[in-house]
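Encoded as structure tokens, the structure appears first; notes follow it.
Given the structure is predicted, the values throughout are model-derived calculations rather than measurements.
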4 protein chains.
Amino acid sequence: MAASPATSRLAAPRYALASSAKSRFDRRLAKILAHAVNVFYEKGYEGASMRDLSRASGMSLAGMYHYFESKEKLLYLIQRHTFSTIVEQLRGKLDSTDDPEARIRILILNHLEYFLANQKAMKVLSHEDEVLKNGFGAEVRSLKREYYRICLDVLDDFKRANRLGFSSRVAVLSLFGMMNWIYTWYNPRVDGDAAKLSEQMGDIFLRGIQDGKSVRKSARVN
Amino acid sequence: MAASPATSRLAAPRYALASSAKSRFDRRLAKILAHAVNVFYEKGYEGASMRDLSRASGMSLAGMYHYFESKEKLLYLIQRHTFSTIVEQLRGKLDSTDDPEARIRILILNHLEYFLANQKAMKVLSHEDEVLKNGFGAEVRSLKREYYRICLDVLDDFKRANRLGFSSRVAVLSLFGMMNWIYTWYNPRVDGDAAKLSEQMGDIFLRGIQDGKSVRKSARVN
Amino acid sequence: MAASPATSRLAAPRYALASSAKSRFDRRLAKILAHAVNVFYEKGYEGASMRDLSRASGMSLAGMYHYFESKEKLLYLIQRHTFSTIVEQLRGKLDSTDDPEARIRILILNHLEYFLANQKAMKVLSHEDEVLKNGFGAEVRSLKREYYRICLDVLDDFKRANRLGFSSRVAVLSLFGMMNWIYTWYNPRVDGDAAKLSEQMGDIFLRGIQDGKSVRKSARVN
Amino acid sequence: MAASPATSRLAAPRYALASSAKSRFDRRLAKILAHAVNVFYEKGYEGASMRDLSRASGMSLAGMYHYFESKEKLLYLIQRHTFSTIVEQLRGKLDSTDDPEARIRILILNHLEYFLANQKAMKVLSHEDEVLKNGFGAEVRSLKREYYRICLDVLDDFKRANRLGFSSRVAVLSLFGMMNWIYTWYNPRVDGDAAKLSEQMGDIFLRGIQDGKSVRKSARVN
DNA sequence: TATGAATGAGTGTTCATTCAT
DNA sequence: TATGAATGAACACTCATTCAT
């Protein structure tokens, strides 16, 4: 698998879907990936057949295999591209400030902006979380861990700066939950754009992780 | 569908998985459903074949169809049971108090307790959200709306009691996200039990939806 | 098969569908056969499932097997009953006259009357001609040969009496064709009853097998 | 259905089984259809499985679906081809003369010649009359009506020319019955070829529909 | 570069039938 | 007498994939 022509061509994976793709091969490939995202979004990975994918991209079934050696690889390319792009963009934006709270705001805004702009890819990313096995899965999981790590660090900075006591793990994972769940309910007309949503979620989250006498212990159940 | 034995027997659907099932048919059925939950949990609905399900429950492939008229119906029964149980339990517990904050705590604890105790069913519930079509789907979606409605009311009460200004919709949906996402990361040894987790999430969420000068507007991005 | 209880009960087969059936068993059996005729008529033998048949007769699937040891036997009973009844009735009516032409008229009227009165059974008889194999098939085929023989004799009598030269085989088989084909087109409102139809077909057939200068040899092709 | 390769290739349907087929696809397709006719002839449409058909044509089960999108479509192609060929040939031959009686002779000879030369296809055509549903069925039924219409017109011409009073409907349908029934009894050694048979049937039918004092009303029954 | 042709393995579902009760 | 429960084999059809061209 490692050295097949198709693979070596894809050595720069994060550009697979991007407009900076150079060769005709890469451009074609990116187009197919874009169509595949739509199909996976609508039918799920298991529910989508190679025939569906070929139909959607207007390429023959056999032709698909010039660009991807398997359906699994296709999902992998989508997930890898999506993840590395979001991580890359986050990295760039985080450089703009050292303020811990601002960095959390950046984190949330970046995630939601990307999420809403690439809703379908993000659903495929989060919904088809476990289907990739072995090599492909490991690589995507490592990207995911990297993203998680960055966010955890951002939170830890905030915690340290404000001498707070919450669990960063639970906090960051809860934040991811809040944000990743939106593909099940988001409605642009009702919920506004990424800026509005990230302000609301940011408010909830930031207040939530700070101390405040507002939380009456007496109200706790059990 | 009207008068098939399997259907007529299931007139009291919410007991399908419960221990109060009476007849031998119902007991068998519940056992098969329990096995099916495991298989769906591991392979997803599309990825699980009827042969997988039959193997897991130790019944012949054809025999399965004595209990369920289709794979889709099987998923439906699981989802309906899971949803109606969680709603029913929540209703019972909410009756114990009128305190708005306590009721939110109850909501969170109930969800997480049920979630962790029935982790697999809950994943199947939330992950296989869109696969049910037409009648089955409509029924499950209505259960879901009912649950959503209850939670929204609980939040609205709190908002009114405390004269707060957040969006109940975004708040309740964010809360669901936080809670439903845990199937992707929960580790009992690291994260403790439902009580601990719901305390942490409750703290974050309750502080999050209350006013507080803690959130510096200046830190807001964009 | 020969001595199973079900079989021995059916020793007097031609009464299986008739009202003269005595025992409760036979009456039940006749009812099931009547329903089965409907189902075979509509779906064909292969297309009808035992479940269809059980549903139609209101008896459980397993219950059917108390009355018939197999689906094939069921078809056999229907065909045997139908055939022996039509033969029996024909025999009775032919006794009323020795006039060769009248006997042909009787033959046609008997066939069409029975056909239209038992249209469904007759379709099952003629359409599911070849599905019965081995023993069952042999028996029905022998009944059929018997019927054919009677008709052939009637025709031969007419031929001898009128010193005609047509092929009795082709004539009788053509007549059967004319008559048996009606299940594909008969419409009571358009085509009238058996008397009317048998008069028309009788006219065509009887003129057809008699000599007449009407047929211009010159019009013959090839 | 619209743009599948199999469909678009079959735009000129009446050549599907014919030797004038050009492309390799069409030739393969015609071969498969020819094998399918044999299998349907022997087992009936319902009784023949796709596995039987695949075995008969020496192609893998899955491979069959490259040529036909369904078993039903396969039957449809056979029926359409058979019907349109017989209609087409009849049209050609009827052009050769205006003599009403000769045209009836032509009709019979054409039908029987085609029937005997394509006995299996004709049995499949007439025996599997009702299995095609919806679109496919409608198309074949329209072809059938067309054929019926032509024959009815031929008979009406004869009737008018000879001032006869029979029902054309019953006459043409009886004729079809005579002719279509032969698949149940035809034996080439006993019954001779199409020419011989069509002469005999033509004699019976033509005399039959003409007036003649030969038919004694007194012999009529009932 | 791209595809038509082809396939083994698998899909969900139904089949006629059996058997303990 | 009658049935619920159960099954092995088969059903039509689709799957991801390969390969000659």
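Distance CG (A:L29) to P (E:dA2): 12 Å, rounded to an integer number of Å. Distance NZ (B:K71) to P (E:dT13): 8 Å, rounded to an integer number of Å. Atom OH of B:Y67 is separated from atom C1' of F:dG4 by 8 Å (rounded to the nearest Å). E:dT1 atom P lies 11 Å from atom CG of A:D26, rounded to whole Å. Summarising the geometry, the separation between CG on A:L53 and P on F:dT14 is reported as 16 Å, rounded to the nearest angstrom. Here the P atom of nucleotide F:dA12 and the CD atom of D:E69 are 16 Å apart, to the nearest Å. Atom NZ of B:K31 is separated from atom C1' of F:dA5 by 14 Å (rounded to the nearest Å). Atom CE in D:M50 sits roughly 16 Å away from atom C1' in E:dG10 (whole-Å rounding).
Between D:E130 and C:K123 there is a salt bridge, with a side-chain nitrogen of the basic residue lying less than 4.0 Å from a carboxylate oxygen of the acidic one.
Here the nucleotide nearest the side chain of B:S60, chosen from F:dT7, E:dT7, F:dC13, is F:dT7. Comparing E:dA5, E:dC19, E:dT13 by their nearest atom to the side chain of C:A62 picks out E:dC19.
In secondary-structure terms, DNA chain E builds stems of at least 3 consecutive Watson-Crick or G-U pairs, each pair having both distances under 3.5 Å, at E:2-21 with F:2-21.
With hydrogens and angles ignored, a donor-acceptor pair closer than 3.5 Å exists between the side chain of B:R51 and the base of E:dG12.
With the nearest nucleotide of DNA chain E identified for both B:S70 and C:A48, B:S70 has the one nearer the 5' end. If A:Y45 and C:M59 are placed on DNA chain F by their nearest nucleotide, the residue sitting closer to the 5' end is C:M59. Of the residues near DNA chain F, B:M64 and D:L61, the one whose nearest nucleotide (by heavy atom distance) lies more toward the 5' end is B:M64.
Contact annotation: C:S49 reaches the phosphate of E:dC15 (side-chain N/O to OP1 or OP2, under 4.0 Å). Contact annotation: B:H66 side-chain N/O to F:dA5 OP1/OP2 distance is under 4.0 Å. Side-chain nitrogen and oxygen atoms of D:Y65 include none within less than 4.0 Å of the OP1 or OP2 phosphate oxygen of E:dA6. Residue C:R28 places at least one side-chain N or O closer than 4.0 Å to OP1 or OP2 of F:dA2.
A:H127 contributes a side-chain N or O that, together with a main-chain N or O of B:H127, makes up a donor-acceptor pair within less than 3.5 Å. With hydrogens and angles disregarded, a donor-acceptor distance shorter than 3.5 Å links the side chain of A:Q79 to the backbone of A:E128. A donor-acceptor contact shorter than 3.5 Å links the side chain of B:S54 to the backbone of B:M59. Of the possible polar contacts, one joining the A:E72 side chain to the A:K133 backbone as a donor-acceptor pair under 3.5 Å is found.
Taking the centre of each ring, A:F68 and A:Y76 stay at or above the 6.0 Å mark.
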query: Please walk me through it: do C:F40 and C:L74 pass side chain to side chain contact (heavy atoms under 4.5 Å, CB included)?
result: CA-CA 10 Å; C:F40 285 152; C:L74 213 167; 4.1 Å; yes
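Between B:Y45 and B:K71, the shortest heavy-atom distance links the atoms O-NZ, 2.8 Å.
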